Asker: 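There's a structure below that I have some questions on.
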Amino acid sequence: MTPWEAVAVCAAGIGAGAINAVVGSGSLITFPALVAVGVDPVVANVSNSIGLVPGSFTGAYGYRAELQGQRARLVKLGSASLVGSLIGGLLLLWLDPDVFGIVVPILIGIACVLVVIQPKLNGWLSARREHAHPDGGVALWLGVLGAGVYGGYFGAAQGVLLIGLLGSFLADGLQRVNAAKNVLSLIVNGAAAVLFILVAEVDWWAVAGIAAGATIGGYIGAKVGRKIPAPVLRGVIVCVGILAIIKLVYG
């Protein structure tokens, strides 16, 4: 990796860290950046997952005020994220690399569509919320498990998927939902990172560049994201989803 390529990867890490803290989908910046500088796609995905962990931490830390009172909920849902992440990471290592190229665009497309239809989904579920489980019940746990599998397999847009799930099943404000999303994303990325460090091929120069940028970006994103009104934040989430679909279709 040349010095200019390293700068580009670090810059992508800053953008990804900021976007992940506010919405999720930062890997749509860093993953293509790594592939563009010549990193093998599977190695790029592994290295990207490891590199984004510091940014996930700073993003979650920046939302610490919105995390108050959510400890019990996050312990339960965090177990689903942990198990799902390990399953997804193993699938990435075991499945044929060609499967990765086919499945990932479909998974991101599903996540983006979920966010687009979330307002209608919220309306459909609103009648149930009066008697809903405060932690979302078994349905949300299984949904978070599935999101963890997705995140362990490929990190892009897992935050979008989590916001869709949490926002639909929890009777809570969007900023508190976003704070919970950051913690669950941190668990997914952290668990996958440990697995990849132990058994996968890693490009440590790529990890270093992304980690440096994502640490800064996560802090900035949390500072900005906490001040965005819920309707605007929802609009940002939908726009990111639409841009992700356009990027996947047209490259």
Side-chain angles (χ1 to χ4, degrees), residues 16 20 23-35 39-57 74 76-115 136 138-166 181-204 206-207 210-211 214 241 244-245 247-249:
N20 280 342
V23 183
S25 293
S27 289
L28 292 176
I29 298 175
T30 48
F31 176 72
L34 292 180
V35 174
V39 182
D40 174 82
V42 174
V43 176
N45 187 45
V46 167
S47 304
N48 180 61
S49 295
I50 299 172
L52 287 177
V53 171
S56 297
F57 176 81
L74 291 174
K76 294 178 182 178
L77 296 178
S79 65
S81 291
L82 176 62
V83 174
S85 176
L86 294 176
I87 294 173
L90 290 173
L91 288 175
L92 174 67
L93 299 176
W94 288 345
L95 292 178
D96 188 290
D98 291 337
V99 175
F100 179 84
I102 297 172
V103 172
V104 165
I106 297 174
L107 293 177
I108 296 177
I110 292 172
C112 295
V113 169
L114 179 60
V115 173
V138 175
L140 180 57
W141 194 93
L142 292 174
V144 171
L145 175 69
V149 174
Y150 169 86
Y153 186 75
F154 185 65
Q158 69 162 316
V160 175
L161 181 57
L162 281 169
I163 288 177
L165 288 167
L166 298 173
K181 175 269 294 180
N182 284 342
V183 173
L184 296 178
S185 295
L186 172 59
I187 293 172
V188 171
N189 290 340
V194 172
L195 175 64
F196 293 152
I197 289 172
L198 292 175
V199 301
E201 179 183 353
V202 179
D203 186 326
W204 288 106
V207 170
I210 291 176
I245 293 175
K247 181 175 179 61
L248 289 169
V249 173

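All values derive from a computational prediction rather than experimental measurement.
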Asker: Can you give me the closest heavy-atom contact between Ala192 and Gly152, atom names plus distance?
Answerer: CB-CA, 4.3 Å
Asker: Measuring only between side-chain heavy atoms, which start at C-beta, is Asn182 closer than 4.5 Å to Leu186?
Answerer: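 Asn182 vs Leu186: side chains apart.
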Asker: For side-chain contact (heavy atoms from CB on, under 4.5 Å), just list the numbers for Leu77 and Leu166, CA-CA rounded to whole Å, side-chain angles, deciding distance to a tenth of an Å, and then say yes or no.
Answerer: CA-CA 10 Å; Leu77 296 178; Leu166 298 173; 3.9 Å; yes
Asker: Going by heavy atoms in the side chains, are Val35 and Val39 under 4.5 Å from each other?
Answerer: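 A side-chain contact under 4.5 Å is absent here.
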Asker: Side chains of Leu162 and Ser185: closer than 4.5 Å at any heavy-atom pair?
Answerer: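 Yes. Closest side-chain heavy atoms under 4.5 Å.
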Asker: Rounded to the nearest 0.5 Å, what's the gap from CD1 on Ile210 to OG1 on Thr30? Could you check?
Answerer: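 That separation rounds to 5.0 Å.
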Asker: If a pair satisfies side-chain hydrogen bond (donor to acceptor under 3.5 Å, both in side chains) and one of its residues is in residues 77-91, list it, with sequence neighbours excluded.
Answerer: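 For residues 77-91, and leaving out neighbouring residues, the side-chain hydrogen bond (donor to acceptor under 3.5 Å, both in side chains) pairs sorted by first residue read Ser79-Trp141.
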Asker: Measuring from atom OH of Tyr153 to atom CG of Leu90, what distance do you get when rounded to the nearest 0.5 angstrom?
Answerer: 12.5 Å
Asker: Taking the side chain from Asn20 and the backbone from Gly159, do they hold a donor-acceptor pair closer than 3.5 Å?
Answerer: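 Such a contact is absent between Asn20 side chain and Gly159 backbone.
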Asker: Under a 3.5 Å threshold, yes or no: a donor from one side chain and an acceptor from the other, between Asn189 and Ser49?
Answerer: no
Asker: Going by heavy atoms in the side chains, are Trp204 and Ser47 under 4.5 Å from each other?
Answerer: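 Not in contact.
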Asker: Enter the distance from Leu142:CG to Leu165:CG here, rounded to the nearest 0.5 Å.
Answerer: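 Between atom CG of Leu142 and atom CG of Leu165 there are 10.5 Å.
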Asker: Report yes if the side chains of Val202 and Val43 come closer than 4.5 Å at any heavy-atom pair, otherwise no.
Answerer: no
Asker: Rounded at 0.5 Å granularity, tell me how far CG in Leu140 sits from NZ in Lys76.
Answerer: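 Spacing of CG (Leu140) from NZ (Lys76) equals 11.5 Å.
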Asker: Hey, could you give me the CG/CG distance between Asp203 and Leu34, rounded to the nearest 0.5 Å?
Answerer: 7.5 Å
Asker: Could you tell me the separation between the CG atom of Leu86 and the CG atom of Leu91, rounded to the nearest 0.5 Å?
Answerer: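 Answer for the CG-CG pair, Leu86 versus Leu91, is 11.0 Å.
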Asker: Can you tell which of Val46, Val53, Asn48, Ile50 makes a side chain to side chain contact (heavy atoms under 4.5 Å, CB included) with Val207?
Answerer: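 Single side chain to side chain contact (heavy atoms under 4.5 Å, CB included) partner of Val207 among Val46, Val53, Asn48, Ile50: Ile50.
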